Amino acid sequence: MSADYVVNGKVAVITLNNPPVNGLGLATRAAAVDAIHRAQADDAVEAIVITGAGKAFSGGADIKEFNSPKALTEPTLHTLIRVVESSTKPTVAAIHTICMGGGLELALGCNYRVAVPGAQIALPEVKLGLLPGAGGTQRLPRLIGLERAMNMVVSGVFVPSEKFEDTALFDKLFAAGTDLVAEAVAFAGSIAALRPLPKVRDRTVDYPHHEAFLQFTRNTVKAMAGPYPAPLECVETVAASVTRKFDDGLKFERERFLQLAQTNESKALRHAFFAERSASKLPDVPADTPVRAIGQAAIVGAGTMGGGIAMNFANAGIPVILLETKQEALDKGLATIRKNYENTMKKGKLTQEKFDQRVGLISGTLNYEAIGQADIVVEAVFEEMGVKQAVFEKLDQVMKPGAILASNTSTLDLNRIAAFTKRPQDVVGTHFFSPANVMKLLEIVRGQHTAKDVLATTLALSKKLKKTGVVSGVCDGFIGNRMIEQYSRQAGFLLEEGCLPEQVDQAVEKFGFAMGPFRMGDLAGNDIGWAIRKRRYVEKPQIVYSKTADLLCEMGRYGQKTGAGWYDYKPGDRKAYPNAAVNDMIVEHSAALGLARRKISDEEIVERLVFALVNEGAHLLEEGIAMRASDIDMVYLTGYGFPVFRGGPMFYADTVGLYNVKAAIDKYASGRHGDAWTAAPLLVKLAAEGKRFND
Ligand code: NAI
């Protein structure tokens, strides 16, 4: 049963019941329509209360139906609202906890609304690149006014119910702790005989000189919306509530909604929404897998990463001990953490109380015995197998049984690290991204022997740390860095063939990346890639890299940390200024290679960089390193600044069409360094079958 029906005196109470948030899926809608009809037919019933069971009035559309035809199967949400609105007996929405999206639109279709304080009221559709498509844009302004409704629809943020006291949204706002249903029934009884029935659609939006306000809003929203069409469409539909008659406005809203739903931007946002949810699910780790309790954490290595990781634990309220080999390094690490928190406090983003709390949760030690009781230990020492070996052998001796032994390694073989212990089942990779206290991505590396409950615990922990956990198999670079290497290689070749760093960065940033490859290199430190390449020159001499990045490092230009990299930097200014000596070096290097520099289009730049990611992503899927295309997309959206409105590299490739992606790859395969472009067999297969990565 997804809507319960009881009669209380002369009032029928219909309770939406579809856990967890009473999403208005097909079965719930159908049950609600039946219940309304039943109440209409029951002579003993004089009024109807609609409410929600458990933790919500209603969270809106049922997300499970999002991309399925069920959402359009009758009774649709429109039909349900029409049935409610045309009821001959008065309807009262009794609102608590969560009333969002379609849930709010349903409430707006009722004759009356009553609520308790603290309920989250929102029309959040814009966050998925949509607009409220079931009358919300037309009815809400009629109750709370044009400006407030505009703000809510364009921003999608929720507003607590008590903030509407001065509006017509609620006919009664009860005190906190009230028995909502009992009071709603009493209210319904008190208005049962009143006629005519008030309908939101019959009200008008009064806003003198609305054109000036609307024009101002259009300008402001346009400047802020970036590549997304939805915010401006929200403005236009809310505007229709004042410029058009109700039914005309409703029709306009519907048209705009359907049009938005077809945009790549909305599809990308919805893809990202689902990708995030599915990333936390592993096919062979059931949802009810028991998790280990994490009440105390430890970090080995208080450097750049160790410090940031410790902050994540403290922010989540988990006490954490940092272990170092020398007092000096420990003091430095703890001081950096303190300074980071102080900076946040100075910006007004952290209270003194929270500061004290967080700093109080972090302690330091030079002694392994002090961390033995931690439930999880994250190793973040130098990226050298010998150092990792010494640390893991020691951890194996001192950590209590059942403790999770995690490594933050970004390139080393996790299975080898696990083999340094007698408990490889407890070893997992937790690859945080820098700065670890800021970046959302956490790659969770699953070793050959990693236990299922360790994975389940680490995934649950990632949520607690407010990270997006994505599971990767073991390989050099895992999902993110293995792909970025192909992207960086192409960026290097482009320099040799005719580009300068600025042109490449600008083309990629115009595509939507937060930062192009060269600005990113300067930020991360060009010496890191240099060190990795030096190792590769020995281990994998067959892989060809452009030497430009090495030449840059030989000039001592490591990036922002040395004040100079691909670009120049000025103190206190993160802006990148092109440097003539670097550009000369690039041009001279082309000449040394005997290459005639050519003009390269932005289109070619973007194709070569992005399709290099896609092709490597396809290899990862095929090898089972990544479980789903959407996991790869999540890695790139949360860890590499890939434009969200493009949905991630694999989703973007689906949008372009894999046939077209394959054709472009074949073209580059016949060009210079064509061996970098061997099309992944999975891509070839899907392209031939007309399929998508995300099917
Ligand atoms: P770092 O050099 O800033 O810090 C390493 C710290 O470990 C130093 O404070 C050092 O004193 C300490 N340490 C060294 N040996 C130790 C031992 N035996 N016992 C205790 N402490 C010891 O290095 P960073 O950048 O923090 O990297 C740490 C790990 O994180 C590496 O495995 C690296 O590959 C990985 N990583 C680094 C990222 C970055 O952007 N820096 C991003 C993701 C992962």
Side-chain angles (χ1 to χ4, degrees), residues 298-312 320-337 340 362 364-371 374 377-399 405-414 416-417 420 427-445 467 469-470 472 474 476-482 484-485 488 515 520-535 558-561 635 638-641:
I299 316 280
V300 184
T304 314
M305 294 306 288
I309 297 168
M311 290 172 77
N312 286 317
V320 53
I321 314 175
L322 281 151
L323 182 139
E324 267 286 346
T325 45
K326 297 208 177 70
Q327 189 64 44
E328 203 189 337
L330 182 60
D331 291 344
K332 192 172 156 220
L334 291 172
T336 307
I337 292 174
N340 279 338
I362 302 174
T365 184
L366 301 177
N367 181 359
Y368 268 93
E369 312 307 323
I371 64 167
V377 52
V378 182
E379 165 278 309
V381 301
F382 302 135
E383 186 75 342
E384 284 167 35
M385 202 48 119
V387 187
K388 306 274 189 207
Q389 175 167 4
V391 170
F392 273 82
E393 284 173 356
K394 189 73 193 167
L395 291 176
D396 196 23
Q397 286 167 21
V398 302
M399 299 310 295
L405 315 184
S407 171
N408 191 49
T409 181
S410 37
T411 49
L412 301 176
D413 181 345
L414 188 83
R416 274 186 69 196
I417 294 177
F420 298 139
V427 178
V428 67
T430 49
H431 183 215
F432 287 85
F433 283 68
S434 183
N437 53 319
V438 177
M439 295 298 289
K440 281 267 288 169
L441 177 61
L442 176 63
E443 271 184 329
I444 298 173
V445 185
K467 302 283 172 196
V470 179
S472 167
V474 176
D476 192 348
F478 312 126
I479 296 174
N481 284 343
R482 193 172 124 181
I484 207 77
E485 182 171 327
S488 303
M515 226 181 261
M520 185 157 118
D522 278 357
L523 183 70
N526 297 307
D527 52 321
I528 296 182
W530 196 25
I532 294 173
R533 283 192 303 279
K534 281 185 197 159
R535 214 172 59 211
Y558 290 176
Q560 289 194 21
K561 60 180 160 189
V635 166
T638 57
Y640 292 84

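Keep in mind the model is a prediction, meaning the values are calculated, not measured. We count ligands from 1, going down the list as the structure has it; atoms in each ligand are counted the same way.
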> So which bit of F432 gets within less than 4.0 Å of ligand 1, heavy atoms only: side chain, backbone, both or neither?
Replying inline: backbone
> Between E379 and ligand 1, does any nitrogen or oxygen pair lie at a separation below 3.5 Å?
Replying inline: no
> Which of these passes side-chain contact (heavy atoms from CB on, under 4.5 Å) with T409: H431, R416, K388?
Replying inline: K388
> Which atoms of ligand 1 have any heavy atom of H431 under 4.0 Å away?
Replying inline: 43 (C), 44 (C)
> Tell me, which protein residue and heavy-atom name are nearest atom 40 (O) of ligand 1, and how many Å apart are they?
Replying inline: S434 CB, 3.3 Å
>> Among V381, N481, N408, which one puts a heavy atom closest to atom 31 (C) of ligand 1?
In response: V381
>> Applying a heavy-atom cut-off of 4.0 Å, say which part of K332 lies close to ligand 1: side chain, backbone, both or neither.
In response: neither
>> Any nitrogen or oxygen of Y368, side chain or backbone, less than 3.5 Å from one on ligand 1?
In response: no
>> Among all the protein's non-hydrogen atoms, which is closest to atom 19 (N) of ligand 1, and how far away is it?
In response: T325 CG2, 3.4 Å
> How many angstroms lie between atom NZ of K440 and atom CZ of F433, to the nearest 0.5 angstrom?
Replying inline: 14.0 Å
> Who gets closest to atom 34 (O) of ligand 1 by heavy atom: G333, S410, G386?
Replying inline: S410
>> Just verifying a value: how many Å separate R482 CZ and D476 CG, rounded to the nearest 0.5 Å?
In response: 8.5 Å
> What atoms of ligand 1 come closer than 4.0 angstrom to any heavy atom of K388?
Replying inline: 31 (C), 32 (O)
>> Would you compute the distance between atom CD1 of I417 and atom CZ of F392 and round it to the nearest 0.5 angstrom?
In response: 5.5 Å
>> Any non-hydrogen side-chain atom of V391 less than 4.5 Å from a side-chain atom of F420?
In response: no
>> Just to check, does K326 reach to within less than 4.0 Å of ligand 1 when the distance is taken from its heavy atoms?
In response: no
> Could a heavy atom of F382 be found less than 4.0 Å from some atom of ligand 1?
Replying inline: yes
> Is the backbone N or O of M439 less than 3.5 Å from a side-chain atom of K467, with the two atoms forming a donor-acceptor pair by type?
Replying inline: yes
> Hey, is the main chain of G480 close enough, under 3.5 Å, to the side chain of E443 for a donor-acceptor pair?
Replying inline: yes
> Do you see a protein non-hydrogen atom under 4.0 Å from atom 23 (O) of ligand 1?
Replying inline: no
> Given that the side chain starts at C-beta and the backbone is N, CA, C, O, which of these parts of I528 lies under 4.0 Å from ligand 1, counting heavy atoms, or is it both or neither?
Replying inline: neither
> Which atoms of ligand 1 sit under 4.0 Å from any heavy atom of G301?
Replying inline: 7 (O), 12 (C), 21 (N)
> Which atoms of ligand 1 sit under 4.0 Å from any heavy atom of T409?
Replying inline: 32 (O)
> Would you say M305 and ligand 1 have an N/O pair spaced under 3.5 Å apart?
Replying inline: yes
> Among protein heavy atoms, which lies nearest atom 12 (C) of ligand 1, and at what distance?
Replying inline: E324 OE2, 3.1 Å
> What distance separates D331 CG from E324 CD, expressed to the nearest 0.5 Å?
Replying inline: 10.0 Å
> Numbering the atoms of ligand 1 from 1, which are under 4.0 Å from a heavy atom of V391?
Replying inline: 18 (N)
> For K561, does the NZ atom have more than 12 heavy-atom neighbours from other residues, nucleotides or ligands under 6.0 Å away?
Replying inline: yes
> How far does OG1 of T325 sit from CG of L366, to the nearest 0.5 angstrom?
Replying inline: 8.0 Å
> Nearest 0.5 Å, what's the CD1-CG distance between I532 and N481?
Replying inline: 7.0 Å
> Among protein heavy atoms, which lies nearest atom 20 (C) of ligand 1, and at what distance?
Replying inline: V300 CG1, 3.6 Å
> Tell me: protein heavy atom nearest atom 4 (O) of ligand 1, and distance?
Replying inline: G303 CA, 3.3 Å
>> Measuring from non-hydrogen atoms of A380 to any atom of ligand 1, is the shortest distance under 4.0 Å?
In response: yes
>> Determine whether a donor-acceptor pair (N or O, by modelled atom type, separation under 3.5 Å) exists between the side chain of N408 and the backbone of V378.
In response: no
> Is the closest side-chain donor-acceptor distance between E393 and Q389 under 3.5 Å?
Replying inline: yes
